[in-house]
Every structure is written in C-alpha cells, then in structure tokens.
There are 2 protein chains.
Amino acid sequence: MSTLHYLGPEGSFTHAAGLENSERFSHRFGRSFSLASERTAADVFAAVKGSDDFGILAFESNVEGYVVPNLDSLIDADDVIGIDRVGLSVDFDAFVLPHHAELRQVSAHPHGLAQCRGFIEAGGYEQVPASSNAAACKDLTAQQVGLGPRMCGELYGLDTLQQEVQDYKGARTEFLLLCSRASAQKYLDEARNEGGYQFETVFVFIPLSTGPGVLAHALETMRDAGLNMTSFISRPIKGHDGTYSFIATVDAAPWEKRFVEAASTLLDNGDWVRTLAVYERPEHVSAPVETWMLPAGGVRSVDDPAADREVMWHGRKAEQ
Amino acid sequence: MSTLHYLGPEGSFTHAAGLENSERFSHRFGRSFSLASERTAADVFAAVKGSDDFGILAFESNVEGYVVPNLDSLIDADDVIGIDRVGLSVDFDAFVLPHHAELRQVSAHPHGLAQCRGFIEAGGYEQVPASSNAAACKDLTAQQVGLGPRMCGELYGLDTLQQEVQDYKGARTEFLLLCSRASAQKYLDEARNEGGYQFETVFVFIPLSTGPGVLAHALETMRDAGLNMTSFISRPIKGHDGTYSFIATVDAAPWEKRFVEAASTLLDNGDWVRTLAVYERPEHVSAPVETWMLPAGGVRSVDDPAADREVMWHGRKAEQ
C-alpha cells in the first residue's frame with residue numbers, strides 16, 4: 001500500500017484523475033494506493049521526494065498549454081520524475097442540495113464559472129466565486145448551484161441538476177504520475193526486461209553556449225538520431241533573463257539507441273540534460289495537416305497577394 | 001482619439017498596463033487613447049478587428065508562460081496583430097476602506113490569494129475569493145482587506161494598508177498592444193521610412209508535411225538565414241490531435257533580409273505562415289548560462305556517474 005498525493009481539496013479534478021486511474025496505477029506498479037489531499041503542488045513534490053509515495057499533478061491542458069509552474073517545479077525537482085501520463089475530460093456537472101430552495105446563485109472557482117457561461121446565463125444565476133470548485137460544492141447553500149467534477153456529487157451528498165454544463169466540450173487535461181527516481185528506475189528496468197512496451201520521454205536540456213543556431217543544432221542532433229518530437233517549448237531559466245531551457249517530448253525510451261545517441265551528442269557538446277518523465281506512449285494519431293485545418297488567413301506562397309498583409313513584409317524584394 | 005479596449009473589469013492588471021503605457025502608445029501611434037473595459041478577451045479581439053481601435057491583452061508571464069488562450073486567439077484572429085509589447089510587475093497592494101472596522105477577512109481572485117500567502121497567514125485573515133482582484137477592491141466591506149494592483153486604491157477610494165504584499169517579488173507579465181493589420185502596416189511603413197528602430201517579430205508556421213526532422217529542417221532554415229530566436233513553442237492545432245503549429249520569436253523585422261529569406265524558404269516548402277506581432281525590440285540581456293544557474297541535479301557528461309539516474313538510460317552501452 002502506497003500513498004498517492006494529489007493537489008486537493010477533495011473533489012478536485014486532480015483527485016478525480018487519481019481515482020479514475022487508481023486501478024491502472026495499481027496494476028502497473030503492483031500495489032494499491034490510498035489517496036491523500038495536499039494543499040499545494042510543492043507539498044506533493046515534497047511528499048514524493050526520496051520516498052516510496054507517488055504523486056499526481058496536472059501537466060498539460062489542450063486549452064491552456066503546459067501547467068508551467070508544475071513543469072518548472074519538475075525541472076527543479078531534486079528526486080522526482082514522471083512515470084505515467086493520464087488524461088481527463090474537464091467536464092463540469094451542476095449540483096444542488098437534496099432539499100434545495102429556489103436556486104438564485106451559482107458557485108465555483110472563477111475558472112469554472114468562466115467555462116460554464118452559457119449554463120449560468122440561461123439560469124440567470126448570480127455568480128459566487130469560490131476558492132475551488134470542490135470548495136463550492138462542499139459549502140453549497142440551499143439557493144446555490146455548485147459546479148465541479150462528477151465525483152463531487154457523491155463526495156458531498158449532492159443531487160445532480162445537470163451533467164456536462166461547460167461551454168466547450170473538448171477540454172482535456174493530462175496529468176503526470178510522479179515518483180522518486182529510485183522507484184522509477186526499478187519499474188523501468190522491469191518493463192525493459194519484460195519487453196513489449198513503447199515509451200515516450202520528456203526531457204530538458206540547457207545549452208551553455210547561446211546565440212543563433214544553438215537550438216537548430218540541438219534539433220538537428222535529434223533528427224539525425226531519428227527521434228520524432230511530439231512537443232517542444234523554450235522556457236526562461238527562472239530569475240535569469242535571457243537564458244533558456246528547452247523541453248522536448250520524443251517517441252523513444254531513454255535507453256533506446258536513438259535517444260542514447262542524441263543525448264550523448266548533446267552531452268558531448270557540454271549541454272546540461274535531465275529526463276523529466278518516461279511513460280508508456282499514448283496512441284498518437286498519425287495526422288497529416290489538411291489545408292482545411294489551417295487557421296483563417298495566413299499564406300502558403302510568396303506570390304500570394306495577401307503575403308504583404310499576413311507576413312508584414314514587402315515580399316522577396318524587401319531589403320535585397 | 002482612439003479607443004483602447006482592455007480585458008476588465010476596471011482596476012485589472014491589464015487596465016493598469018494600458019494606463020501606465022498610454023503616453024508611450026500616444027507618442028508612438030500619434031493619437032490619444034480613451035480606455036474601454038471589455039468583459040472577455042474575445043470582446044477585445046472583436047472590437048479591434050477591421051477598426052481603428054486598439055486593444056491590450058496579457059501575452060506572456062515569467063511564471064505561467066504564454067497566456068495560451070490569448071495566443072491561440074491571435075493565431076486564429078482574422079485581422080488582429082500585435083504592434084507593441086509592454087511589461088508590468090505583478091505587484092499586489094493591500095487596501096482597506098477609509099473608516100474600516102476590525103479586519104478579519106482578505107478578498108481577491110483565488111490566484112491573487114495564492115500569490116499573497118505570507119501576508120494572509122501573518123494577518124490570520126479568513127479568505128474570501130472574488131471573481132477578480134478589482135471586484136474584490138470595488139466591493140470591499142469594512143472588515144475586509146482587498147488585494148489588487150496599485151490603481152485600485154485611487155479608483156475605488158481605498159486606503160493602502162501595505163504595498164507589495166505578494167510572496168514572490170519578480171513576477172512580471174508582458175502585454176501585447178493589438179490593432180488591425182491595416183493600422184499596423186501604416187505604422188510599420190512610417191517606422192521603416194524614419195529608420196533607426198530595431199524590431200522583433202512573433203510568427204507562426206505550420207508545416208503541412210509531418211514526421212521526424214520537419215521541425216529541425218525549419219529551424220535550420222532560420223539558422224542559415226542568421227535569425228536568432230528568443231522563444232519557441234509548439235502548439236497542437238485546436239481540435240486536431242497530432243497536428244502542430246510552431247510559434248517563434250525572432251530578432252528581426254519581417255522586412256529584413258534575414259527574415260524574408262527564412263520565411264520565403266518556409267513558404268517554398270509549402271508551409272503555412274502568418275506574422276502575429278511586430279514590435280520594437282525590448283533590450284535583451286546577452287546572457288551566457290553559467291553553471292551556477294543550472295537546476296540542481298541533471299548531468300553534463302555521459303561519464304557522470306549520476307547519468308543513469310538523471311537520464312534514466314544505461315549510458316552509451318544501451319541497446320547498441
């Protein structure tokens with residue numbers, strides 16, 4: 001039995017992600033988990049560091065992008081690594097007390113309120129912001145509708161007024177399961193020996209020399225090794241303007257020849273390298289970009305008459 | 001006289017960024033601005049599109065990274081482009097009513113409350129979440145402390161209890177001044193003719209073919225043209241899993257030979273290209289990365305005994 005520390009309070013989306021995947025985690029890591037609510041992400045990292053406990057935190061949303069404070073904490077974390085990645089639809093249900101009065105108000109975290117505008121306007125409710133969606137549901141009054149993850153209903157003994165009341169139906173957040181590097185190494189060694197798994201790796205590198213071409217050279221290294229990237233971003237090094245770390249997600253385990261070759265070349269250049277997460281590869285859609293998927297506007301040819309307006313240059317004639 | 005539309009309510013950090021820079025904007029764009037509060041970012045985009053009006057929205061924070069929903073809106077925006085970039089320290093002042101009672105509560109947006117934990121715990125205040133920091137200050141009761149930007153004091157007739165009560169002093173948000181492409185082209189043509197300005201360009205490109213090396217090839221193109229990047233990220237194309245757009249910030253105006261060369265090569269490859277923002281280049285610190293700036297852990301050599309633990313491989317011997 002291990003503890004799985006999540007960013008609370010009870011009934012948060014992170015709690016829901018932990019509960020929904022507890023069977024998967026148990027099966028994968030050969031133990032059962034009891035969940036423990038933590039007040040801050042820093043508390044989750046502190047509980048996992050150097051221990052047998054696991055943690056779970058939001059990592060990336062298809063609407064908001066990376067959860068940058070959690071990513072930065074993982075880059076800085078002394079002994080914590082991501083070992084599984086699970087997704088959760090960000091759906092809001094509307095809850096009421098079993099014997100509620102006339103409903104006049106709606107309560108949720110301001111982000112929750114902002115994501116359910118249509119429902120709130122249709123009901124003509126007054127908005128009451130809460131510190132979290134779970135807190136809104138927990139402290140619901142007789143004249144309030146609370147918005148939160150499905151599990152808040154059972155958790156706080158509420159009736160469901162309506163399911164999935166959010167405006168945008170496709171919002172999804174990916175969570176990382178966290179453990180110590182020692183636990184991760186043990187699990188990954190077993191998985192390698194067993195065989196048959198495909199992994200994906202998130203790693204960070206910092207070139208110590210800067211200037212034009214440093215990044216292109218690093219990415220050439222990955223291309224030459226045959227590594228395909230599914231995500232790439234630059235992040236300023238905290239407190240040091242003008243310095244950058246690069247975070248890449250690639251379709252290989254860190255012990256595969258392609259990865260070893262690329263990482264060795266980066267290290268031989270004097271770059272700083274750390275692996276942030278290794279997890280079973282989610283199924284990626286093989287997705288050619290069709291022209292109908294492109295945003296409105298933009299151009300695809302230097303001869304397009306819209307190029308001046310869209311690129312803000314004066315074409316090939318500019319300053320040549 | 002033009003209207004400058006900001007994401008409200010009155011007293012928001014975006015309002016503060018607009019007010020603090022109104023002289024700069026007036027001087028630069030040869031007109032005075034009257035500020036208008038908008039309820040959503042979409043309302044700001046709608047007000048700017050096809051008009052002479054300007055807008056201002058948060059673009060990037062050194063703590064949270066890009067404000068991804070605003071970035072996505074700019075990628076999709078039919079006729080809106082960034083034309084200036086200004087920074088604002090995210091400082092919270094603590095306000096009270098002039099004839100306040102005993103102070104028992106503190107009110108702000110949950111993000112504001114989370115950023116002022118030390119102050120709140122020292123005062124032993126009960127937390128009252130609000131829909132925005134400005135709303136907290138506007139609706140302050142006699143027993144409450146409100147947290148918000150400095151301008152909320154004068155705006156809502158409040159006394160300052162204490163300045164800069166946030167936990168972390170270095171938080172900074174960058175805002176983009178937005179206008180129509182026609183206004184931008186007019187201004188940029190004048191600036192070019194006048195000369196003496198140095199510009200920076202944010203642009204997005206989407207390679208229509210995907211696979212290993214597509215990105216490396218694009219970045220090689222920029223390196224070969226001599227373009228230096230100060231920021232780079234990949235973003236999934238909304239609603240199309242597995243497809244990506246790339247957003248790069250480079251140290252050149254779009255009409256400079258280096259940019260024209262790189263953009264022409266991308267277009268000749270069949271990539272889709274759009275310029276998102278062109279603004280006077282902020283002063284970038286020339287910053288070599290010193291080893292003391294690196295996060296704890298990680299490795300810099302394949303022979304480092306910590307490499308197994310930090311990279312999660314088995315060194316050069318792995319699967320070779």
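Convention: sequence-line order gives letters A, B, ...; per-chain numbering from 1.
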Rounded to the nearest 0.5 Å, the CD1 atom of Ile233(B) sits from the CD1 atom of Ile247(A) at a distance of 11.0 Å
Angle between ring planes, His109(B) versus His109(A), binned at 30° and 60°: parallel, tilted or perpendicular?
perpendicular
Taking Ser131(B) for the side chain and Pro129(A) for the main chain, is one N or O donor matched with an acceptor at less than 3.5 Å?
no
Distance, nearest 0.5 Å, that separates CZ of Arg274(A) from CD of Glu310(B):
4.5 Å
So, taking the atom named CG in Asp303(B) and the one named CG in Leu267(A), what distance separates them when rounded to the nearest 0.5 Å?
9.5 Å
Can you name the closest pair of heavy atoms from Arg117(A) and Thr40(B) and give their distance?
NH1-CG2, 3.4 Å
State, to 0.1 Å, how close Asp268(A) and Val302(B) come at their nearest heavy-atom pair, and which atoms those are.
OD1-CG2, 4.1 Å
Largest heavy-atom contact set with chain B, pairs under 4.5 Å, which of Gly270(A), Gly170(A), Ala135(A):
Gly270(A)
Segment of Phe203(B) engaging chain A (4.5 angstrom heavy-atom cut-off):
neither
Sort Thr201(B) into side chain, backbone, both or neither according to what part of it lies under 4.5 angstrom from a heavy atom of chain A.
neither
Can you check side-chain contact (heavy atoms from CB on, under 4.5 Å) on Val63(B) and Val68(A), steps first, answer last?
CA-CA 7 Å; Val63(B) 178; Val68(A) 171; over 6 Å; no
Taking all atoms of both residues into account, what is the closest heavy-atom pair of Phe232(B) and Phe232(A), and its distance?
CD2-CD2, 3.5 Å
Among Met222(A), Gln127(A), Met229(A), Arg39(A), which residue forms the greatest number of heavy-atom pairs with chain B at distances under 4.5 Å?
Arg39(A)
Counting heavy-atom pairs closer than 4.5 Å to chain A, which one of Val128(B), Asn269(B), Asp304(B), Ile206(B) comes out on top?
Ile206(B)
With no hydrogens and no angle check, is any side-chain donor or acceptor of Glu220(B) less than 3.5 Å from a backbone partner on His217(A)?
no
Looking at every heavy atom in both Val311(A) and Thr275(B), which two are closest together, and how far apart are they?
O-OG1, 2.7 Å
Got a salt bridge between Glu64(B) and Arg235(A), using NZ or NE/NH1/NH2 to carboxylate O under 4.0 Å?
no
Give the C-alpha distance, both sets of side-chain angles, the deciding distance and a yes or no for side-chain contact (heavy atoms from CB on, under 4.5 Å) between Leu188(B) and Met312(A).
CA-CA 8 Å; Leu188(B) 291 172; Met312(A) 288 279 150; 3.8 Å; yes
If you count heavy-atom pairs within less than 4.5 Å of chain A, which of Pro295(B), Ala77(B), Gly65(B), Ser245(B) leads?
Pro295(B)
With chain B, which of Leu266(A), Asp72(A), Asp79(A), Val204(A) has the greatest number of heavy-atom pairs at distances under 4.5 Å?
Asp79(A)
Heavy-atom cut-off 4.5 Å, strictly under: side chain, backbone, both or neither for Asp251(B) against chain A?
neither
Distance (rounded to the nearest 0.5 Å) between Tyr244(A) OH and Thr230(B) OG1
5.0 Å
Trp272(B) side chain vs Gly297(A) backbone, donor-acceptor pair below 3.5 Å:
yes
Can you give me the closest heavy-atom contact between Arg309(B) and Asp78(A), atom names plus distance?
NH2-O, 3.6 Å
Shortest non-hydrogen separation from Leu219(B) to Ala216(A) and the atoms involved
O-CB, 3.6 Å
Ile81(B) versus chain A, heavy atoms under 4.5 Å apart: side chain, backbone, both or neither?
side chain
